[in-house]
Amino acid sequence: MATSITAVDAPGDLPAAGRRPRGWRGLPVIRQLRQSVGLQRGMLVAGLILTGIFLLTALFAPLLAPYEFNQLRDAAGSFGAQQAPSSEHWLGTTVGGYDVLSRVIWGTRTALYVIVAAVLMSIVIGVLLGLVAGYFGGWLDRVLVVVADAIYAFPSLLLAIVVGIVLNGGESSLRGGIMAAALSITVIFVPQYLRVVRAETVRIKAEAYVESARVIGASNWRIMTRHVFRNATRTLPLIVTLNASEAILTLAGLGFLGFGIEPTAAAEWGYDLQKALSDVTSGIWWTSLFPGLAIVLVVMGLTLVGESLNDLADPRLRTRRRGPATPADVAETSVVPGSPAADSSDLDHGKGSL
Amino acid sequence: MTTTTTELTGGGAAPEAAPTAARQRRSGGLGSYLLVRFLLIFPTIFILVTTVFVLMRLTGDPITAAQGGRLPAEELARRVAEAGYDRPILVQYWEYLGQLVRGDFGTAISDGREISDMLTSFGAATLELAFYALVVAFVVGIPLGRLAAYLRDRWPDAVLRVFAILCYATPVFFAGLLLKLVFAVNLGWLPVAGRASTGAEIQLQQQDGSTGIYLIDALTLGDGEVIQDVLEHAVLPAVALGLLTAGVFLRLVRTNVIGTLGSGYVEAARSRGVSERRLLRKHAYRPALIPIVTVIGLQIALLLGGAVLTETTFEWKGLGFQLVEYLQARDFVAVQGIVVLAAVIVALVNFVVDVVAALIDPRVRY
Amino acid sequence: MTATPARDVVGIENLSVTFATDAGDVDAVRDVSLTVGAGEVLAIVGESGSGKTVTARSILGLLPETALTRGAILLTSKDGDETHDVVTLSRRDLGDVRGRDAAMVFQEPSTALNPVFPVGWQIAEGLRAHGAYSRKEARAKAIDVLRRVGIPNPEERVDHYPHQFSGGQKQRIVIAQALALDPGVIIADEPTTALDVTVQAEILDLLRRCRDEFGTAIVLITHNMGVVADLADRVAVMYQGRIVEQADVRTLFSAPVDEYTRQLLGSVPRLGEGRARTADRATARAAGWQEATPVVEARDLRIVYPGRLRQPDFVAVDGVSFAIRPGEVLGLVGESGSGKTTIGRAIAGLTRVTGGSLTVHGAEMNGMKERAFRPLRERIGFVFQDPASSFNPLLTIADAVAEPLVVHKRAKNPQEARGRVDELLEAVQLPKSFGDRFPHELSGGQRQRASLARALALDPELLIADEPTSALDVSVQKRVLELFDELQRELGFACLFISHDLAVVDLLADRIAVLYKGELVEEGIGEQVLGAPQHPYTQRLLASLPVPDPDEQARRRAQWDRLR
């Protein structure tokens with residue numbers, strides 16, 4: 001037995017990536033933020049700011065909103081319907097006589113509730129089914145995949161409507177309405193999570209470390225919990241952000257078709273837009289513009305974050321820092337557009353940790 | 001898509017067997033691939049029909065849903081029994097499947113129309129809208145996506161990406177409202193709603209052999225004013241729905257072309273002096289088309305969902321508009337008919353898309 | 001536009017390349033100067049990270065945007081009329097030079113060809129970039145060049161797509177693309193690394209003909225000293241971005257000057273090195289060893305992967321019989337698709353046996369249930385090929401090495417197993433502190449050592465090593481193999497050592513079995529199999545293997561020519 005301990009095998013044999021940053025610098029979004037450059041950083045920052053505003057507004061809605069979402073009158077009397085923006089009602093009033101600004105602000109809460117409920121439910125169900133289908137395969141897997149593919153290809157809004165019919169049955173309370181909307185959206189999302197987690201599980205199952213655990217004699221339960229689960233769910237934060245924006249759009253779509261939440265129960269942007277439909281023809285713009293803008297900004301914020309995370313996770317799409325600053329006395333860099341680092345073994349210095 | 005069903009089962013040994021397996025797959029050829037793909041249409045439709053049927057019946061029978069509370073209990077029970085909704089659910093399900101196979105969707109409760117009639121007459125309008133929107137999406141999304149990929153990480157790319165996200169983030173009905181507000185109400189350039197003016201509509205519908213697709217009918221009528229009227233009505237809905245899809249196409253094309261631009265074969269072509277422009281237009285674009293075509297197939301779902309909202313916004317009397325009407329009347333037999341039709345369309349479109357992808361990809365073709 | 005006095009096709013002067021990365025700037029190439037004469041074969045050798053590929057790519061200006069290039073790269077056209085400095089050329093001018101003055105052959109032929117265009121079209125694309133060709137002319141030219149690189153029936157094959165060709169044929173097509181424009185120099189970046197040995201010999205032969213018949217100079221990038229000895233006229237050795245030694249091929253192999261070159265040459269496994277050792281071991285065995293019950297015994301073993309969707313089944317292993325006795329190392333050699341990995345996986349219970357008999361520790365594997373086999377698993381260790389994926393990225397090395405101990409209840413949890421883990425790490429010559437690291441913080445060689453530690457954790461009587469060193473550089477490979485040998489002698493486990501490399505197997509194995517298309521064609525001690533091979537495939541395999549000695553290799557090449 002050799003006595004000397006050689007830490008490094010050969011000078012050329014170096015680890016593929018440096019140590020992963022630890023502590024707060026290693027947290028998901030913050031790590032990506034530090035990794036990003038130029039335009040990609042700009043998009044990520046813009047998305048984070050919009051999302052931050054959305055979350056803060058939802059949190060402090062009671063402080064920010066001048067009136068309640070279902071308030072029709074104050075000490076000075078009734079607000080009146082379709083009032084143009086004024087000092088009392090900065091963004092005017094709706095056809096139903098509500099304050100537009102208040103409803104836009106309160107709407108963030110409804111949106112957030114629905115996102116959280118829908119995403120939580122679909123993650124739990126989708127991840128579970130995806131793991132089982134991907135790991136064990138067989139007929140259960142085939143059936144789940146065919147069903148998920150069929151549902152995935154189907155117009156999500158129509159599906160949400162059908163589920164809405166089942167659950168809603170005229171229910172319009174805040175909790176009932178939100179749960180109905182969230183469940184409708186869950187049905188759409190479950191196949192997506194199932195597909196992603198299943199595909200990852202199938203890939204990971206063939207990785208040497210899982211085979212190694214099988215050779216060792218580890219039980220299926222141990223392999224699934226210790227090796228597959230955490231590795232298969234690493235990409236979920238990214239899908240969650242993109243799904244959150246889809247959830248808002250679906251919620252608004254349902255509201256616009258009259259499957260939303262009654263104005264007395266909660267503020268919901270899609271519903272308000274439906275009521276504003278006829279206003280537009282008579283040139284009343286404020287009732288539709290502001291709830292619509294709210295949807296656009298929130299969805300944009302979430303999508304920007306999701307897309308940036310997606311790009312940073314994909315080595316083909318990630319922008320890298322340009323060549324080092326050219327010293328004054330040196331010739332020009334030869335720049336080839338659109339050619340990311342070639343993946344030859346000699347060139348993998350740029351490979352970052354995921 | 002459906003190809004995910006045949007994933008590796010041999011574990012790590014698959015790579016060793018791969019070359020031979022690939023050679024053998026060719027002997028199966030395009031014919032058997034298409035056959036298998038065609039047969040997959042049926043389970044897809046079956047699953048969706050079953051899902052919809054089960055979900056709709058969880059709440060009870062459609063007659064009670066539509067008229068419960070409005071009729072005395074005995075009268076309601078009589079009608080339910082008359083329509084056969086008091087029998088076991090499995091018997092009803094089996095009967096419903098049999099009806100569908102014969103192309104019979106039943107009768108609407110609210111207006112007593114044959115649902116298959118309703119589907120064909122309003123389906124034409126939706127088809128027309130979807131066609132316009134697809135034209136907008138292709139014309140806007142695909143060239144801009146290629147441009148963004150080519151100018152990757154420079155300012156035009158940034159502008160185009162934000163544009164794509166904006167297209168996606170704006171709900172179609174909000175985009176429709178804004179377009180209406182600006183171009184129809186304030187500027188008065190285009191009509192506010194509808195598929196044609198009343199006069200033109202009467203002319204079109206009274207024509208012999210009317211297809212229900214106004215553009216075709218207007219062209220056969222040959223009246224310039226009617227054609228213009230039909231097209232003017234189409235502009236705003238087509239843009240509203242088309243831009244939504246265009247944003248998705250733009251992103252899709254950009255991502256995939258960037259992927260193939262970084263591939264070994266593009267690098268190899270570059271090493272032989274092929275110009276950057278040609279690399280983009282030929283060497284990177286063609287292979288990127290395969291995943292693009294496949295994903296475009298999935299966008300049909302987005303388009304159909306968007307059509308419902310667009311039609312409501314612009315009072316475009318198609319299936320989506322009709323769907324909302326039936327929903328408000330709580331006529332779930334009609335709603336179910338429309339949803340089942342959507343399922344059939346989705347399954348067919350995905351089949352066509354897979355065929356097109358197979359024709360582009362020589363690895364499947366040979 | 002300067003005219004070079006000597007007819008050098010490539011002249012690199014003080015080239016430095018720096019990459020911007022997340023971790024800061026990395027100097028990949030430092031102050032490299034090189035020349036390549038017309039019709040000369042220059043080999044640039046080095047291990048991963050030495051900067052050899054970056055140097056080669058910079059000749060064509062093919063570096064990514066993250067790279068900053070300094071110095072001069074003078075490229076002279078084949079007729080010697082024009083010289084350009086690639087570093088300062090505009091993008092458009094670079095397009096004119098690429099392919100015409102210098103062309104590239106890539107490592108992975110399957111990714112260098114566009115899957116959706118016929119190969120003839122792809123060859124024509126290069127032609128069209130440098131001149132006006134009609135469709136007919138381009139096609140005729142493509143057929144001609146395909147014929148010259150040895151594609152049979154080129155008139156028909158010109159319209160075929162890449163997936164319709166075998167790996168070796170694809171590489172011929174990539175070479176044809178390079179040759180079509182009759183460049184002064186071909187830059188071949190590891191052109192045979194992705195290919196089997198027998199195919200490699202053919203591609204090397206083709207490259208030699210390119211030089212002899214077309215007068216093309218070749219810059220050959222490789223890590224394989226056998227390939228260098230076979231093809232090169234002159235050699236430049238790179239290490240950490242610098243050239244440490246340049247010499248003509250005979251001088252370099254016979255009298256290396258630089259310390260690193262000597263170490264590199266010393267690390268290359270050579271055929272016949274293991275014979276003395278094998279003989280030692282054979283004499284040292286106790287009497288009656290031959291009669292001991294084998295740890296593994298296969299009789300008419302057959303393994304079939306079922307075909308899907310009306311495709312025929314794939315027979316991976318067909319009628320194979322062999323035995324591994326306690327303490328014996330059986331080397332299993334074969335090219336890709338020979339079924340060698342499948343046999344290893346079947347012994348470990350990862351792949352189902354479909355026919356014949358396979359006994360492992362006395363248990364019949366044909367029809368074995370996982371539950372019944374599980375207790376036997378602690379007597380089997382497995383080392384996987386790919387160091388990158390053999391560890392769960394979320395577990396520390398100590399946790400991973402402790403896993404077998406925990407699963408088989410030798411320890412309650414990884415913390416309790418830490419003492420034994422430290423011992424194991426020490427046994428594979430890794431510092432104890434490495435136990436707290438995550439897999440990505442270790443190099444490939446270190447990870448393979450840790451993998452060995454994990455496989456040996458339960459003191460197994462049988463170890464299966466599936467190409468454990470094929471992903472490693474030669475100097476790293478040498479140390480891992482030495483360690484492996486030491487541990488085997490010390491612990492005395494029986495071993496199935498799977499490899500595609502005859503020299504590596506020869507170094508370690510007591511007996512060698514050669515697999516070809518799922519069948520076992522030859523088996524015996526190293527001296528028999530490698531010294532006097534009986535089966536024509538073994539003979540061809542042996543003759544295809546280039547040895548790191550130019551004169552010896554020239555003789556072997558002649559022999560290979562005869563066998564062809």
Side-chain angles (χ1 to χ4, degrees), chain A residues 38-40 42-43 137 142 145-147 149-158 161-163 165-166 169 195 199 202 205-206 208 211 245 249 252-253 256-259 270 273-274 276-277 280-281 283 285 288-289 292 295-297 299-300 303-304 307 316-317 319 336-340 342, chain B residues 1-2 4-5 7-9 11-12 14 43-44 47-48 51-52 55-56 58-59 149-150 152-153 157-158 161 165-166 168-171 173-174 177-178 180-181 185-186 192 255 258-259 261-262 267 270 276 298 301-302 304-305 308-309 312-313 324 327-328 332 335 339 342-343 346-347 350:
Chain A
L39 221 106
Q40 244 163 26
M43 285 175 66
R142 304 255 163 91
V145 167
V146 172
V147 172
D149 277 353
I151 293 180
Y152 184 67
F154 194 71
S156 52
L157 191 67
L158 291 191
I161 289 172
V162 172
V163 179
I165 291 174
V166 177
R195 286 161 58 105
V202 167
K205 212 176 95 178
E211 301 236 289
S245 56
L249 288 175
F256 186 75
L257 293 178
F259 271 84
L273 277 167
Q274 186 207 16
L277 193 52
V280 168
T281 334
W285 51 271
S288 53
L289 184 66
I295 298 175
V296 173
L297 289 177
V299 175
M300 263 198 89
T303 311
L304 280 169
E307 282 229 353
R316 295 176 316 167
L317 296 176
T319 315
V336 185
S339 88
Chain B
M1 290 205 46
T2 36
T4 41
T5 43
E7 222 123 28
L8 50 135
T9 44
T44 309
I47 288 164
L48 287 171
T51 311
V52 170
L55 285 176
M56 297 291 256
L58 279 178
T59 39
Y150 187 58
R152 185 191 173 188
D153 295 333
D157 179 34
R161 295 193 71 188
I165 292 176
L166 201 62
Y168 171 77
T170 312
F173 47 91
F174 180 54
L177 286 175
L178 286 184
K180 259 165 99 162
L181 194 62
V185 178
N186 286 351
V192 176
T255 308
I258 285 179
L261 271 177
E267 177 92 339
R270 181 180 289 128
E276 292 297 324
L298 286 174
L302 185 74
L304 285 179
V308 174
L309 298 166
T312 311
T313 315
V324 178
L327 279 172
Q328 271 153 10
F332 295 156
V335 170
V339 175
V346 163
N350 281 331

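In the text below, chain A, chain B and the rest are named by the order of the sequence lines, each starting its count at 1.
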Best-contacting candidate, L302(B), V52(B), T313(B), against chain A by heavy atom pairs under 4.5 angstrom:
T313(B)

Sub-4.5 Å side-chain heavy-atom contact between V296(A) and P171(B):
yes

So what's closer than 4.5 Å to chain B heavy atoms on L249(A): side chain, backbone, both or neither?
side chain

Apply side-chain contact (heavy atoms from CB on, under 4.5 Å) to L178(B) and list each qualifying residue two or more places apart in sequence or on a separate chain.
L289(A), F174(B)

What distance separates T312(B) OG1 from L257(A) CG, expressed to the nearest 0.5 Å?
5.5 Å

Under 4.5 Å from any heavy atom of chain A - which part of Y168(B):
both

Go through L297(A), L273(A), L158(A) and name the one with the most non-hydrogen pairs under 4.5 angstrom from chain B.
L273(A)

Contacting moiety of V324(B), where chain A heavy atoms sit under 4.5 Å
side chain

Tell me, for L327(B) versus chain A, whether the close heavy atoms (under 4.5 Å) come from the side chain, the backbone, both or neither.
side chain

By a 4.5 Å heavy-atom criterion (distance strictly below it), what part of L181(B) contacts chain A: side chain, backbone, both, or neither?
both

Rounded to the nearest 0.5 Å, what separation is found between the CZ atom of R161(B) and the OG1 atom of T303(A)?
11.5 Å

Minimum heavy-atom separation for N350(B) to A153(A), with atom names?
ND2-CB, 3.3 Å

List the atom of G305(B), the atom of L157(A), and the distance in Å for their closest heavy-atom pair.
O-CD2, 3.5 Å

